Amino acid sequence: METYLTILLGLALAEFMRRCCYVVLHAFTGPLSKVPGPFLAKFTKIPWAMELVKGTHFNTVGPMFEKYDSDIIRISDCTSIQKIIITDDLPKDPMFANFRAYPEIPTLFLEVDKASHKHTKKLLSNGFSPGYLNQLEPLMQGCIDKFEKVLDSACAKGDDFAVIDMANTLSALTFDVMCATSLGGSFDLVTSNDLTLKKCLARALKFASLQSQVPWIRLLPGFRTGFNYLTAEINNVVEEIITRRRADTGPAQKDLLQIILDANVADPIFFPEQRVREEIKLFIVAGSDTTSMTVTQCLLQLVNNPRTLKCLVEEIDRAFPFKNEDITFAKTQDLQYMNAVIYEAMRLGMHPATMMRYTENPTVLSGYQIPAKVNKEISICGNTLTSTQTTVQPWAGAAMTDPKIWPDAKMFVPERWLGEYKGVVADKKDFFSFSAGRRGCIGQQFAWKEVRIIMGRLLRRYEISLIAGQSHERRSHTTAWFVQGFYKVGVKPRM
Ligand code: HEM
């Protein structure tokens, strides 16, 4: 018995030593060994995975760029990012399959196969055509009417001004807008101020991050039950959305929800019943907190930069001289200063970290030869595979605050989008908040309309002010969130 045990231990030790030798050899002679990076990253991905699960990668990778890259090759220069996502249009990293709730059910965002993605995008793009988006305006305006009522009633209670948690109120508003315009009806969260769904979505996204880094977690007993428990509220909302529409005997609808349901009827193999649910969840996630965070980011910058706030309010007052004038998609579209404020707030604060691609052929990025073939083990949906790719991750946050491209890169200067600033005119090709190319944001025009109209209506009717002493620290699990859990702004009706 003792001999068997010794042999077994010997074999385990030999295997351990073999793996260690492989890792060391790979670190110093492998195809990526010449690409600079933190020393530890040559041997293990664990520190990075921990950052990702905590949501702090967002804050820590930036400083790493000043010195390093790492074993996923992070690319921080604008030209190489354009090459990755537009010119070469590299395929999406298979690792994204690990983010799926069900390994075999993709969504538009989590589809990694080029042909299937193209097919899905074609199916869903009718829900984003310019003509169709314009028809959504009354529904969007209806949600903002309710937002104004909430602000009015808070202001009526306050002596001087009301303190509004804009991060959460706007999150409720954009959730309502998404459901009202595209998913069959608002849940009026802005009025109820119910944060249950928001918390549920945040839990689900955090869990998806964990699952992407530790894919075998799915194999644990009770995993599915636990996950369903964590996401119960959002699952109920999705069921309600589907049941409501399927029971509707009124005139046929043509919204995004109907497009998704029709895709299931037309091809239940490509678009099974569970996929209907997953796509609806995707649009709720992709289309609400991204937009609310953008508006919050604009407000945060404006209350901290009174001169800019004054210029923007003046522009809005010139365009809408009468307080009760309709503030519409069409009339806000050409507000130059407003557009510049939104671009600049997004440049500083909306940095997608999800644009991972892989190199099919050897390619030069940021001056380094990146091989197409790196033998490394990756885990996809719980199965370990030997991958023959190099993952490249465009790091938009570093590119959009690169001092070589943006003078006073860390400062909020909307004027750079209106003409020359310190000898440089901002180039929209270097702006990646919506990504770009084939995998760029399908909801970009939807978001622009929504952000402009919320900002226009808010600043035309209310004076906003800084509530000092708040933390701006954020974390990210696919979408960003404030560590303090809120962002407060002072609000007072304008005379
Ligand atoms: C200001 C608000 C928004 C921002 C900053 C934003 C940003 C982004 C970014 C960066 C991507 C690419 C992610 C990647 O490649 O990994 C993306 C994709 C996507 N966005 Fe948005 N988005 C916003 C609003 C919206 C809205 C309103 C919708 C829907 C109504 C939406 C739906 C989607 C979808 C479905 C994808 C996946 C597209 C694909 O993979 O083909 N987004 N978004």
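The structure displayed is predicted, hence computed values, not measured ones.
Minimum heavy-atom separation, M411 to R347: O-NH2, 3.1 Å. I75 and S366 make their closest contact through CG2-OG, 3.5 Å (heavy atoms, listed as atom of the first residue, atom of the second, distance). Here the closest non-hydrogen pair linking R438 and L90 is NH2-O, 4.0 Å. In terms of heavy-atom proximity, Y358 sits nearest to D93 at CD2-CA, 4.0 Å. When every heavy atom of A345 is checked against every heavy atom of Q301, the shortest pair comes out as CB-CG, 4.3 Å. Nearest heavy-atom pair across L139 and A180 is CD1-O, 3.5 Å.
Between M95 and M356, the closest side-chain pair of non-hydrogen atoms falls below 4.5 Å. Side-chain contact between C78 and K429 is absent, with no heavy atoms from C-beta onward closer than 4.5 Å. Between I73 and Y368 there is no side-chain heavy-atom pair separated by less than 4.5 Å. Side-chain contact between R474 and M293: present, with at least one pair of heavy atoms (C-beta onward) separated by less than 4.5 Å. When side chains are defined from C-beta on, L459 counts as touching L302, because their heavy atoms get closer than 4.5 Å. Using a 4.5 Å heavy-atom threshold, the side chains of L189 and K198 count as separate. L151 is listed as a side-chain neighbour of L458, based on a closest heavy-atom distance under 4.5 Å. For the pair L299 and Y487, the minimum side-chain heavy-atom distance is 4.5 Å or more.
In this structure a side-chain-to-backbone donor-acceptor pair under 3.5 Å is present from N304 to L300. In this structure, the side chain of D176 engages the main chain of V190 through a donor-acceptor pair within 3.5 Å. Checked by atom type and distance alone, the side chain of E315 pairs as donor or acceptor with a backbone atom of Q336 at under 3.5 Å. Between the side chain of E344 and the backbone N or O of V413, at least one donor-acceptor pair lies under 3.5 Å. A donor-acceptor pair under 3.5 Å is absent between the side-chain atoms of K422 and the main chain of W406, judged by distance alone. Not one N or O on the side chain of Q445 forms a donor-acceptor pair closer than 3.5 Å with the backbone of L133. For S80 (side chain) and L365 (main-chain N/O), no donor-acceptor pair under 3.5 Å exists by modelled atom type. Looking only at distances, a side-chain donor or acceptor of Q211 sits under 3.5 Å from a matching main-chain atom of R100. Of the possible polar contacts, one joining the T328 side chain to the K331 backbone as a donor-acceptor pair under 3.5 Å is found. The backbone N or O of I370 lies less than 3.5 Å from no partner atom in the side chain of T363, so there is not a single donor-acceptor pair.
To the nearest 0.5 Å, the span separating OG1 on T354 from CZ on F96 amounts to 5.5 Å. Atom CD of E450 and atom OG of S288 lie 9.0 Å apart (nearest 0.5 Å). Considering OG1 of T291 and CE of M178, their distance stands at 8.5 Å, rounded to 0.5 Å. Separation of atoms CG (L124) and CD (E279) is listed at 5.5 Å; rounding is to 0.5 Å. Of the inter-residue distances, the one linking H117 atom NE2 with H119 atom NE2 reads 12.5 Å to the nearest 0.5 angstrom. For the atom pair CZ of R357 and CD1 of I84, the computed distance is 8.5 Å after rounding to the nearest 0.5 Å.
Shown here are the ring-ring contact (aromatic ring centres under 6.0 Å, His included) partners of Y343, two or more places apart in sequence or in another chain: W417, F431, W448. Scanning for side-chain hydrogen bond (donor to acceptor under 3.5 Å, both in side chains) contacts around T107 gives an empty result, with sequence neighbours left out.
Using a 4.0 Å cut-off between a side-chain N of Lys or Arg and a carboxylate O of Asp or Glu, E278 and R275 do not qualify as a salt bridge. Taking the charged nitrogens against the carboxylate oxygens, R494 and D317 do have a contact shorter than 4.0 Å, which makes a salt bridge. Looking at D89 and R439, no side-chain N of the basic residue comes within less than 4.0 Å of a carboxylate O on the acidic one, giving no salt bridge.
For CG of D326, the number of neighbouring non-hydrogen atoms (other residues, nucleotides, ligands) closer than 6.0 Å is 12 at most. Heavy atoms of other residues, nucleotides or ligands lying less than 6.0 angstrom from CD of E325 number more than 12.
Side-chain N/O atoms of D408 and Y421 include a donor and acceptor closer than 3.5 Å. Inspection of the S182 and D255 side chains reveals no N or O donor paired with an N or O acceptor under 3.5 Å. No side-chain N or O of N168 forms a donor-acceptor pair with one of S171 less than 3.5 Å apart. A donor-acceptor pair shorter than 3.5 Å can be found between the side chains of D430 and Q82. Side-chain N/O atoms of S116 and D113 include a donor and acceptor closer than 3.5 Å.
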* Steps toward side-chain contact (heavy atoms from CB on, under 4.5 Å) verdict (Y337, L418) -> CA-CA 8 Å; Y337 201 72; L418 299 172; 3.6 Å; yes
* **Steps toward side-chain contact (heavy atoms from CB on, under 4.5 Å) verdict (E314, R318)** => CA-CA 6 Å; E314 280 169 7; R318 271 195 309 277; 3.9 Å; yes
* CA sep, side-chain torsions, deciding dist, call: I85, I81, side-chain contact (heavy atoms from CB on, under 4.5 Å) -> CA-CA 6 Å; I85 60 177; I81 294 182; 4.1 Å; yes
* Test side-chain contact (heavy atoms from CB on, under 4.5 Å) on K83 and T79 and set out the steps. => CA-CA 6 Å; K83 185 169 152 100; T79 315; over 6 Å; no
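A side chain to side chain contact (heavy atoms under 4.5 Å, CB included) with I467 is found for one member of V163, D165, I164 and no other, namely V163.
Sorted by first and then second residue, the pairs that involve residues 452-470 and meet side-chain hydrogen bond (donor to acceptor under 3.5 Å, both in side chains), not counting sequence neighbours, are Q141-R457, D145-R457, E148-R457, E148-R461, D152-R461, D152-Y462, N339-R452, Q470-Q484.
The side-chain tip of K92 points at the ring of F109 from less than 6.0 angstrom away and within 45° of straight on.
A distance of 6.0 Å or more separates the ring centres of F482 and H472.
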